[in-house]
2 protein chains.
Amino acid sequence: MEAKWPEGLKKTKQRTDVYEVLLGAEAPMSAVDIFKKVPDYALSTIYRILASFEKYDMVIKSNLPGEDNSVYELNRGGHTHYAMCLKCHELVPLKKCPFEHVDIQTEENDFEITSHKIEIYGYCSKCK
Amino acid sequence: MEAKWPEGLKKTKQRTDVYEVLLGAEAPMSAVDIFKKVPDYALSTIYRILASFEKYDMVIKSNLPGEDNSVYELNRGGHTHYAMCLKCHELVPLKKCPFEHVDIQTEENDFEITSHKIEIYGYCSKCK
DNA sequence: AATGCAATTGCGAACTATTCGCATTTAAAA
DNA sequence: TTTTAAATGCGAATAGTTCGCAATTGCATT
């Protein structure tokens, strides 16, 4: 309900509702998923809201392959990765970031790494 | 020119030419990138060829965020990951897979991992 | 509480990457 | 060489996302 709201991001009914939806989600959602939860708002508005949230680092946008759309999740600080079931497409969170104690080396030895994304695939307990 | 060709994949001028293009590429290419190299073939044919290559595990299809298209690279066996420069979008290969000696644990403890993708972001030597 | 204005929204049209349908061509098996 | 399933070219269709613009709304200032 009440939560930190970025300075400079105007509060509107649409934005707070979309924020609520993301707060209640336990897996990343697509724009259309969100749209279905708040069908009174225009889909293009959902996209614009998500873009504004992304600009303020409130959400993380990901593109899961196999799917042709983007999904969004609230940026809750400590970053989370997911494993995706190739059969039912369920997303299962990883216990911890596998890169925690790994150092990554590029061919170009001057590359400054700022962030990463990980996609894990396989079969969930129900599907295998 | 002569290289292993999967059993059951019919050899056509279009397919071998697309294969050549991918062989000569040192970074993943989009369908349109490839199309520009072989402009006599229909773009839809390029897509279908890439889909057939993917089915035979000859290419790896990836979706780089920020870009709204997919890119394809030849599957050369030992898998490679890339770091992407957030400024110039150059792709720099990693020296080795960071997951080589890491075990990944999901919340659901029965998840069977079969593969992974990694996306590293940052700034290349030229851009930072 | 009323005013002003920039930011946001709704609506539909536009755009882009990708896929599909179908008639024609072609690889390669017989 | 004949045959036949698979591949291609072409344009149209689709899906996700973005854009333009007029109408609305948040919120700072009176």
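We name chains A, B, ... by the order of the sequence lines, and we start the count at 1 in each one.
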Spacing between A:Leu9 atom CG and C:dA7 atom C1', to the nearest angstrom: 11 Å
Over 12 foreign heavy atoms within 6.0 Å of NZ, B:Lys87: no
Rounded interatomic separation in angstrom, taking CG from A:Asn69 and P from C:dA17: 17 Å
Gap between atoms CG and P, on A:Leu50 and D:dT18 respectively (whole Å): 10 Å
A:Leu64 CG to D:dG16 C1', straight-line distance once rounded to whole Å: 14 Å
Distance below 4.0 Å between B:Tyr47 side-chain N/O and C:dT19 OP1 or OP2: no
Selected nucleotide, minimal atom distance to B:Asp68 side chain, candidates C:dA17, C:dT18, C:dC11: C:dA17
Verdict with supporting geometry, B:Phe53 and B:Ile60, side chain to side chain contact (heavy atoms under 4.5 Å, CB included): CA-CA 9 Å; B:Phe53 283 4; B:Ile60 296 159; over 6 Å; no
Atom-to-atom span, CG of B:Asn63 to P of C:dT16 - whole angstrom: 19 Å
Most 5' of A:Asp40 and B:Lys61 on DNA chain C, judged by nearest nucleotide: A:Asp40
Interatomic distance where NZ belongs to B:Lys11 and C1' belongs to D:dA6 [whole Å]: 17 Å
A:Lys128 NZ: over 12 foreign heavy atoms closer than 6.0 Å: yes
Nucleotide of C:dT9, D:dG16, C:dT18 approaching B:Leu43 most closely (side-chain heavy atoms): C:dT18
Spacing of A:Ile49 atom CD1 relative to C:dA7 atom P, expressed in whole Å: 17 Å
Sugar-phosphate only, base, or nothing, as touched by A:Ser44 at under 4.0 Å among non-hydrogen atoms: base
Which residue lies more 5' along DNA chain C, comparing B:Lys13 with B:Val71 via nearest heavy atoms: B:Val71
Heavy atoms from other residues, nucleotides or ligands near NZ of A:Lys117 exceed 12 (cutoff 6.0 Å): yes
Salt-bridge contact A:Glu90-A:Lys126 (side-chain N to carboxylate O under 4.0 Å): yes
Listed nucleotide nearest any side-chain atom of A:Ala42, set C:dT9, C:dG10, C:dT18: C:dG10
Position toward the 5' end of DNA chain D (nearest nucleotide), B:Arg15 or A:Lys10: B:Arg15
Between P of D:dT17 and CE of A:Met29, the distance in whole Å: 14 Å
side-chain N/O B:Thr45 vs D:dA7 OP1/OP2, d < 4.0 Å: no
Side-chain N,O (A:Gln14) to OP1/OP2 (D:dT25) below 4.0 Å: no
